[in-house]
**Student:** 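The structure is given below, and queries will be raised subsequently.
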Amino acid sequence: MSDDRFVSRVPARPWSPAETSEGRQELIPRSAGSATLEHSVGSVLRLPEGALDSGQIDIERDDETMIINMGPQHPSTHGVLRLMLELEGETVLRTKPVVGYLHTGMEKTAEELTYVQGSTNVTRMDYLSPLHNELVFSLATEALLGVELPARAVWIRMLMCELNRVSSHLMWMATNGMDLGSTSMMIYGFRERELVLEFFEKTTGVRMNHNYIRPGGVAADLPDGWEDDVEIICNTVFERTYEYDELLTGQPIFRERTEAVGNITAETAVALSATGPILRSTGVPWDLRRAMPYLAYDQVEFDVIVGTYGDNFDRYSIRLNEIRESIRIIRQILEKMPLGDYRVQDRKVTPPPRRRIDESMEALIHHFKIFTEGFRVPEGEVYVAVESPRGELGCYLVSDGTAKPYRMHIRGPSFVNLQTLPVLLRGGMIADAVAVISSVDPVMGEVDR
Amino acid sequence: MTLAAGDDSGALTAPRPEGDRVVFASRDDYHATVSDLRASGFEMCADLCAVDYLSHPGRWVPDDIAPERFEVVVNLLSLSMKRRIRVRVQVPESDPSVATLFDLYPGTEAMEREAYDMHGIVFTDHPDLTRILMPEDWEGHPLRKDYGVGRVPVQFKEAPGPR
């Protein structure tokens with residue numbers, strides 16, 4: 001990091017596991033975490049989702065275990081996630097995540113909307129990182145259209161996406177703090193996120209669901225004085241990440257509740273298609289920004305943060321440090337932001353400028369046509385993926401040559417990452433379940449779509 | 001197994017991201033094809049979804065592949081080679097079933113359940129092929145093209161709209 005005056009504040013392990021009158025106060029080593037059994041061997045509870053009446057349950061189990069239901073209405077499951085847990089005492093054996101309570105058929109809706117309207121739809125999927133959803137949809141549409149964006153549009157997109165990553169991770173820090181009982185962290189996380197959302201409001205007009213990144217560029221140029229706003233966000237959030245260090249990272253209670261809890265190995269994570277901080281926490285340095293650069297990520301410097309043990313603490317550290325890395329990227333964007341158009345000057349995709357509408361009938365018709373009928377996209381199919389704060393966010397787009405997508409499929413990272421939950425929870429304590437769910441960072445709008 | 005590189009087939013008009021290759025597999029050698037790809041370094045199944053080509057039957061497929069109504073699209077990812085490959089398999093309407101990839105990639109479990117839920121594709125030998133997003137007693141498969149989108153009656157709107 002450029003700023004190393006903060007680094008020495010946090011000792012690696014600030015307390016010693018000394019002998020006490022009740023024996024050694026040390027938990028199991030982090031490398032020997034709870035997840036021991038593979039997904040296929042049986043961490044997943046395979047039960048009908050309606051069956052909780054024990055008389056109907058037709059699975060092999062002895063009388064020592066019990067099955068309890070958790071959610072969907074539960075303050076800590078991050079939306080309407082429901083879990084069926086098989087418990088032996090306080091130990092979780094098998095788990096079944098039950099999703100679909102927020103299903104609104106957005107992929108079906110997408111087939112009824114034009115490409116112009118499409119980004120208003122996808123932005124509502126992952127409501128904590130709406131700009132990434134818009135980005136992946138726009139990139140897929142542009143790949144089918146074959147348009148090349150002006151440099152400024154690319155860099156604006158990158159700036160907004162990195163700010164969105166910061167706000168999403170801050171939101172995660174807040175809810176994770178709340179799940180672990182730190183209400184201060186919740187207030188701090190929301191406070192810092194507010195800074196970013198205020199800038200979003202200034203730039204895009206709304207705090208969430210922006211419809212800012214559209215096929216062909218972005219909706220509007222950055223507001224005057226954006227450099228100062230972004231600079232303030234960078235400095236404030238960067239300094240405060242070190243306050244989080246003091247509040248959480250070095251705190252014994254926090255570490256004991258997160259270290260060696262919810263372990264997963266690299267092999268399991270890859271087999272279960274987990275991406276994002278879950279995969280990186282196992283030590284796999286896989287970040288699409290680095291591995292398969294899109295936008296202009298090959299022109300900025302940043303580090304891919306990886307963990308070692310694949311436990312909750314690693315996922316916490318990864319997200320905390322990714323905030324710092326995003327700020328590092330944003331500072332480079334501040335220096336390198338090119339001038340020019342913020343959307344492609346291809347009249348097929350972009351409506352004519354506002355002043356032309358006043359003086360030209362054709363321009364008015366053109367404008368009207370683009371917003372009523374939309375533009376036609378050549379036949380073809382494409383899969384585009386970006387690194388959202390939760391992992392690989394993909395968009396599979398099929399066009400039949402009309403102005404509406406024939407099929408739009410979003411590969412939501414939360415949806416796939418939820419499959420790791422039975423592995424993460426297996427063998428752990430029921431009291432840690434909430435913390436483990438939180439460390440997966442599922443956004444139910446994206447899971448259910 | 002038919003390889004279709006993005007550049008040299010005229011029908012695939014879209015410029016593709018680099019390394020975005022497409023493999024057309026028949027239903028019989030679908031599992032074997034994916035198994036071979038996994039052995040050759042594609043460690044992760046990034047995405048699996050289905051497409052209903054009911055109202056767009058004329059899409060381009062290689063000459064030796066007969067287009068069917070459904071298509072299951074699998075996006076594989078190689079972390080070591082940093083490449084993607086896409087497997088497309090045709091699934092007929094009369095018998096919409098393909099082999100599951102669960103034994104190769106356990107991560108396809110939820111994705112196959114979603115494809116079953118939304119398109120009615122049956123993945124044989126899937127450990128728990130039940131609905132995942134829709135309620136368990138739901139009838140029909142919503143993302144099929146012949147599944148109506150429904151209509152909310154609105155006052156003073158006699159003219160038939162686009163929906």
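So that the names make sense, note that chain A is the first sequence line, chain B the second, and so on, each numbered from 1.
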**Student:** Checking the side chain of A:Lys108 only, and the main-chain atoms of B:Tyr147 only, is there a donor and an acceptor separated by less than 3.5 Å?
**Tutor:**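 The answer is yes, because a donor-acceptor pair under 3.5 Å joins these two groups.
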
**Student:** Would you give the length of the straight line joining atom CH2 of A:Trp286 to atom CE of B:Met44, rounded to the nearest 0.5 angstrom?
**Tutor:**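 These two atoms lie 8.0 Å from each other.
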
**Student:** Does a side-chain N-to-carboxylate-O contact under 4.0 Å join B:Arg84 and A:Glu392?
**Tutor:**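 Here B:Arg84 pairs with A:Glu392 in a salt bridge, since their nearest N and O are under 4.0 Å apart.
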
**Student:** Look at B:Asp128 together with A:Lys96 and state whether they make a salt bridge at an N to O cut-off of under 4.0 Å.
**Tutor:**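 Yes.
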
**Student:** Do A:Arg449 and B:Glu114 sit within salt-bridge range, that is, some charged N less than 4.0 Å from a carboxylate O?
**Tutor:**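 Yes.
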
**Student:** Please state whether the side chain, the backbone, both or neither of A:Val447 comes within less than 4.5 Å of a heavy atom of chain B.
**Tutor:**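 Only the backbone of A:Val447 comes within 4.5 Å of chain B.
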
**Student:** Report which part of B:Pro135 has an atom under 4.5 Å of a heavy atom belonging to chain A: side chain, backbone, both, or neither.
**Tutor:**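 Contact with chain A involves no heavy atom of B:Pro135 at all.
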
**Student:** So, B:Arg88 and A:Glu381, do they make that salt bridge, N to O below 4.0 Å?
**Tutor:**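 A salt bridge is present here (some side-chain N lies under 4.0 Å from a carboxylate O).
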
**Student:** Under a 4.5 Å heavy-atom cut-off, does chain A meet the side chain of B:Leu77, its backbone, both or neither?
**Tutor:**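 The side chain, not the backbone.
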
**Student:** Okay, side chain of A:Ser273, backbone of B:Cys45: is any donor-acceptor separation there less than 3.5 Å?
**Tutor:**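 It does hold such a pair.
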
**Student:** Just by distance, do the side chain of B:Glu43 and the backbone of A:Ala271 share a donor-acceptor pair under 3.5 Å?
**Tutor:**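 Looks like no, no N/O pair under 3.5 Å.
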
**Student:** With side-chain contact (heavy atoms from CB on, under 4.5 Å) as the test, would you mind laying out the steps for B:Val22 and A:Tyr383 before giving the verdict?
**Tutor:** CA-CA 11 Å; B:Val22 182; A:Tyr383 179 82; over 6 Å; no

**Student:** Please rank B:Val51, B:Leu104, B:Asp103 by heavy-atom pairs under 4.5 Å with chain A and give me the top one.
**Tutor:**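 Counting heavy-atom pairs under 4.5 Å, the top option is B:Val51.
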
**Student:** Can you tell which part of A:Ser399 gets under 4.5 Å to a heavy atom of chain B, answering side chain, backbone, both or neither?
**Tutor:**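 When you check distances to chain B, only backbone atoms of A:Ser399 fall under 4.5 Å.
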
**Student:** Within a reach of under 6.0 Å around CZ of A:Arg376, are more than 12 heavy atoms found that belong to other residues, nucleotides or ligands?
**Tutor:**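 Not buried by this count: 12 neighbours or fewer within 6.0 Å.
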
**Student:** Donor-acceptor check, side chain of A:Tyr406 to backbone of B:Ser55, threshold 3.5 angstrom: yes or no?
**Tutor:**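 Here the side-chain-to-backbone pair exists.
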
**Student:** Is there a side-chain contact between B:Tyr53 and A:Arg407, using heavy atoms and a 4.5 Å cut-off?
**Tutor:**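 No - every pair of side-chain heavy atoms lies 4.5 Å or more apart.
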
**Student:** Does the side-chain contact (heavy atoms from CB on, under 4.5 Å) test come out yes or no for B:Leu143 and A:His409, once each step is laid out?
**Tutor:** CA-CA 10 Å; B:Leu143 276 181; A:His409 171 74; over 6 Å; no

**Student:** Given heavy-atom pairs under 4.5 angstrom as the criterion, report whether the side chain, backbone, both or neither of A:Leu397 touches chain B.
**Tutor:**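 Neither part.
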
**Student:** Go through the atoms of A:Leu288 and report whether side chain, backbone, both or neither lie under 4.5 Å from a heavy atom of chain B.
**Tutor:**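 Only the side chain of A:Leu288 comes within 4.5 Å of chain B.
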
**Student:** Evaluate B:Cys49 against A:Glu107 for side-chain contact (heavy atoms from CB on, under 4.5 Å), listing each step before the verdict.
**Tutor:** CA-CA 12 Å; B:Cys49 69; A:Glu107 288 182 5; over 6 Å; no

**Student:** Contact between B:Tyr105 and A:Leu272 at the side-chain level, heavy atoms closer than 4.5 Å - yes or no?
**Tutor:**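 No. Closest side-chain heavy atoms not under 4.5 Å.
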
**Student:** Which answer fits B:Arg38, side chain, backbone, both or neither, if we ask what part of it has an atom under 4.5 Å from a heavy atom of chain A?
**Tutor:**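 Looking at B:Arg38, nothing touches chain A.
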
**Student:** Could you look at A:Val398 and say if it's the side chain, the backbone, both or neither that has a heavy atom under 4.5 Å from chain B?
**Tutor:**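 For A:Val398, the contact with chain B is made by the side chain alone.
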
**Student:** Is the CZ atom of A:Phe368 crowded by more than 12 outside heavy atoms at less than 6.0 Å?
**Tutor:**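 Atom CZ in A:Phe368 is not crowded, with 12 or fewer foreign heavy atoms closer than 6.0 Å.
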
**Student:** I need the residue from B:Lys145, B:Lys82, B:Met111 with the largest number of non-hydrogen atom pairs under 4.5 Å to chain A.
**Tutor:**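 Among B:Lys145, B:Lys82, B:Met111, the one with the most close pairs to chain A is B:Lys145.
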
**Student:** Chain A heavy atoms under 4.5 Å from B:Asp117: which part of the residue, side chain, backbone, both or neither?
**Tutor:**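 No part of it gets close to chain A.
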
**Student:** Answer yes or no: is there a side-chain heavy-atom contact under 4.5 Å between B:Arg59 and A:Asp400?
**Tutor:**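 The answer is no, as the side chains (C-beta and beyond) never meet within the 4.5 Å cut-off.
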
